[in-house]
Amino acid sequence: MEVVIVADARSGGELIAKAIAQLLRRKPDALLGVATGSTPLPVYQALTAQVRSGAVDTSRARIAQLDEYVGLPAEHPESYRSVLRREVLEPLGIGMDAFLGPDGTAEDVPAACEAYDRALAAAGGVDLQLLGIGTDGHIGFNEPCSSLASRTRIKTLTEQTRVDNARFFDGDIAQVPHHVITQGIGTILEARHLVLLATGEGKADAVAATVEGPVAAICPASALQLHPHATVVVDEGAASKLKLADYFRHTYANKPEWQGI
Ligand SMILES: N[C@@H]1[C@@H](O)[C@H](O)[C@@H](COP(=O)(O)O)O[C@@H]1O
């Protein structure tokens, strides 16, 4: 696992957007796994700026969703499908025909979950999966004690995650669904490159457990330690509880630039 400590969220966004641009130059129809939440927004903004300046071409790129609320109509402004359309697809000029996501409105949710895993595999797998992290170490919506081998499935949100996400629902927790579909940890680990972005001191404990703690289901993001190409990008706040911060700074500063992340 590589840990890159950046000055702020904006620099983190630019670094990851650069890696995505490099991937798209190598593979124009790459399947990009994207996450919702506030943290990845600087990545999407930096990538959009690159598209507008002509530095990167996203016309053949494909987008895959990480997770979704169960029961919210697809057109609900806070369904993750709507959020991704607004924050990723439209700014990057990518159409819904290049979008893969689970059906959170399906009558048969387990069948919809299995269908999504099959669709990801049929699309050739995710090339780069961008991840945020919950304060409890969750990735996607894999809450603590999720199986590290899990596939896409339905999960019940913890009260903390519903409280955290109420800000997207007028601060009204009653509007936050209890159930979600999330790519499983086993599914996420199949992506070729995992890039987790965490910013702010509020994520410092979760980041320390992810990077320096044991691989354990209590911290789902610690499963990244099992992946051969995982990059954790953190700002100073999110890095503040890393014991090996100086080591991470030193190795990244001395890395050959052509390697990228
Ligand atoms: N399902 C999403 C996660 O994918 C995201 O990483 C997390 C953190 O969100 P934020 O980046 O806003 O802190 O929120 C939600 O739970």
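Whatever order the structure lists them in is the order used to number ligands and atoms, beginning at 1. Start at 1 with the first residue, then count along the sequence.
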Heavy-atom side-chain contact between V34 and Y44 under 4.5 Å
yes
So F141 and Y69, would you call those rings parallel, tilted or perpendicular, with 30° and 60° as cut-offs?
tilted
Just to confirm my output: which protein heavy-atom neighbour is closest to [atom], and how far is it?
atom                    : value
atom 1 (N) of ligand 1  : D67 OD2, 2.7 Å
atom 8 (C) of ligand 1  : I133 O, 3.6 Å
atom 16 (O) of ligand 1 : H138 NE2, 2.8 Å
atom 11 (O) of ligand 1 : T39 OG1, 2.4 Å
atom 2 (C) of ligand 1  : Y80 OH, 3.7 Å
atom 5 (C) of ligand 1  : T36 O, 4.0 Å
atom 13 (O) of ligand 1 : K203 NZ, 2.7 Å

Under 3.5 Å, is there a donor-acceptor pair between the [X] and [Y] side chains?
X    : Y    : result
T152 : D117 : yes
R153 : N142 : yes
H193 : T231 : yes

With a 4.0 Å cut-off, would you call E2 and K255 a salt bridge?
yes
For E236, is there an ion pair with R249 - N to carboxylate O distance below 4.0 angstrom?
yes
Which option wins on minimum heavy-atom distance to atom 3 (C) of ligand 1: G134, G140, S38, A35?
G140
Does K18 NZ have over 12 foreign heavy atoms under 6.0 Å away?
no
Stepwise, does the side-chain hydrogen bond (donor to acceptor under 3.5 Å, both in side chains) test hold for D164 with T161?
CA-CA 5 Å; D164 288 348; T161 300; 5.2 Å; no
Check whether any N or O atom of G37, backbone or side chain, sits under 3.5 Å from an N or O atom of ligand 1, and answer yes or no.
no
Ligand 1 contact by I139, heavy-atom criterion under 4.0 angstrom
no
Can a non-hydrogen atom of E143 be found less than 4.0 Å from any atom of ligand 1?
no
Residue portion contacting ligand 1 (non-hydrogen atoms closer than 4.0 Å) for R167
side chain
Under 4.0 Å from any heavy atom of [X], which atoms of ligand 1 are there?
X    : result
F141 : 1 (N), 15 (C), 16 (O)
G132 : 6 (O)
N165 : 15 (C), 16 (O)

Approximate separation, where rounding is to 0.5 Å, of D67 CG and L157 CG
9.0 Å
